[in-house]
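One structure is given here, and the rest of the page talks about it.
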Number of protein chains: 2
Amino acid sequence: MNRWNDFKHILLYGIILAVLTFVLKWLQWRFFILDNAIEIYIGLVALLFTALGVWVATQVLTPKVQTIVIEKKVPESFFLNETELQKLHLNRREFEVLQLLSSGYSNADIAKTLFLSVSTIKSHVSNLFSKMDVKSRTQAVDKAKRLGIIK
Amino acid sequence: MNRWNDFKHILLYGIILAVLTFVLKWLQWRFFILDNAIEIYIGLVALLFTALGVWVATQVLTPKVQTIVIEKKVPESFFLNETELQKLHLNRREFEVLQLLSSGYSNADIAKTLFLSVSTIKSHVSNLFSKMDVKSRTQAVDKAKRLGIIK
DNA sequence: AATTCCATCATACTTTAGTACCAAAAACAG
DNA sequence: CTGTTTTTGGTACTAAAGTATGATGGAATT
């Protein structure tokens, strides 16, 4: 792709060179150009080919790559600690409950959110606590955050 | 600065043009160059000035800058949000209690830690809740963390 | 001296959280 | 199909949390 691009430019350059030479030759033959007008022609050619050189340069030259390192604040970790999560053997519901717990939900709130009875939530919460080896919701939330299993 | 740079190149270009014209003139006078050799000269001039054009282009033209942004992880904010903290008008004790609350401490734990009675802790906790406009310790912890007033 | 705020503690009461034990569908793996 | 795990729910009870109200003493402010 890049090679073809370069080659394209070289080809174009050659064609333009050939055409200009031909035009010059034709002008010489057509108008019997005077010897002392040769400088003007040379000047024109010089100008033209300078322009051509500039154009070729802009097209062919590889751009300078400038690497800028930007320090961006990234939350400590995008991803949850799956390893620690699996160690606890929490099932889907228990994990859901844990997440709501960390949002400050009461058992009644969680029950409403998940369309379950408070009894069920209490069961899940109790099982969650024993699996996490804690004794209260605040401890559970604290531990979960420190382990990185919830954000 | 940039203007002077550009001007410098234009000046250089002019000087080189003048010198080359002079050299050409000198060669014409010195060796009585033949008419049919003119194409060679023109070709040489074309080549030279193309090269010149390329060189000028590389020097003058602003390089195409390809910016690569690399995200760098920066540790979460070291400092607490003092502004939000002051808005709540928490006193020393209430803030202490809040910190212990977020570590999963029960009222009894906090009482033992601060050498106070559970009654006192309950008072502080109640005042804290009304100041923070929450109804439970888990809500308080969640709000405090979201506001960034505790780590 | 009076006022305000902070910190302490108490009592009484209500609500919520948490434990223990049980039970029964539902989902799922062997 | 059978045994296991998950999910659901209940009752009964205990522990802890949370509310309301009041009291006391100290420190700083006016």
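We name chains A, B, ... by the order of the sequence lines, and we start the count at 1 in each one. Quick note: numbers below take in every heavy atom, side chains included, and nothing from hydrogens, waters or symmetry partners.
With sequence neighbours left out, the side-chain hydrogen bond (donor to acceptor under 3.5 Å, both in side chains) criterion links A:Lys87 to A:Glu84. Here B:Ser103 pairs with B:Tyr105 under the side chain to side chain contact (heavy atoms under 4.5 Å, CB included) rule; sequence neighbours left out. For B:Ser102, the side-chain hydrogen bond (donor to acceptor under 3.5 Å, both in side chains) test picks out no residue, with sequence neighbours left out. Residues that satisfy the side-chain hydrogen bond (donor to acceptor under 3.5 Å, both in side chains) test with B:Ser123, not counting sequence neighbours, are absent from this structure. Scanning for side chain to side chain contact (heavy atoms under 4.5 Å, CB included) contacts around A:Ser126 gives an empty result, with sequence neighbours left out. Among residues two or more places apart in sequence or in another chain, the salt bridge (Lys or Arg N to Asp or Glu O under 4.0 Å) test is passed with B:Lys135 by none. The side-chain hydrogen bond (donor to acceptor under 3.5 Å, both in side chains) test applied to B:Thr113 returns no partner, not counting sequence neighbours.
Tested against A:Lys143 for a side chain to side chain contact (heavy atoms under 4.5 Å, CB included), the candidates A:Asp133, A:Leu98, A:Leu88 yield a single pass: A:Asp133.
Rounded to whole Å, the distance from CG on B:Asn107 to P on C:dA10 is 14 Å. Distance, B:Glu94 CD to C:dC6 C1': 9 Å, rounded to whole Å. Note: CG (A:Leu101) to P (C:dA17) measures 9 Å, nearest angstrom. The distance from atom CD of B:Gln139 to atom P of D:dG18 is 10 Å, rounded to the nearest whole Å. Protein atom CD1 of B:Ile110 is 15 Å distant from nucleotide atom C1' of C:dA7, rounded to whole Å. A:Leu90 places its CG atom 16 Å from the P atom of D:dT5, with the value rounded to the nearest Å. Taking atom CZ of A:Arg137 as the reference point, atom C1' of C:dT19 lies 14 Å away to the nearest angstrom. Atom-to-atom, OH of B:Tyr105 to C1' of D:dA16 comes out at 18 Å; the value is rounded to the nearest Å.
Applying the salt bridge (Lys or Arg N to Asp or Glu O under 4.0 Å) test to every pair with at least one member in residues 92-110 of chain A, sequence neighbours left out, gives these pairs: A:Arg93-A:Glu96, A:Glu94-A:Lys131. Residue pairs meeting the salt bridge (Lys or Arg N to Asp or Glu O under 4.0 Å) criterion with at least one partner in residues 120-130 of chain A, sequence neighbours excluded, are absent.
Residues B:Val118 and B:Ala108 approach most closely at CG2-CA, 4.2 Å, considering heavy atoms.
Nearest-nucleotide assignment on DNA chain C puts the 5′-proximal partner with B:Asn91, out of B:Asn91 and A:Lys135. Each of B:Ser136 and B:Arg93 was assigned the nucleotide of DNA chain C with the nearest heavy atom; the assignment lying further toward the 5' end belongs to B:Arg93.
Between the axis at the start and the axis at the end of the helix from C:dA1-D:dT30 to C:dG30-D:dC1 there is an angle of 50°, using five pairs per end and rounding to 10 degrees.
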Give me, pair by pair, the N or O atoms of the protein and of nucleotides 28-30 of chain C that are less than 3.5 Å apart, along with how far apart they are.
none

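A heavy-atom distance below 4.0 Å to DNA chain D is reached by these residues of residues 114-134 of chain A, ordered by number: A:Leu116, A:Ser117, A:Ser119, A:Thr120, A:Ser123, A:His124.
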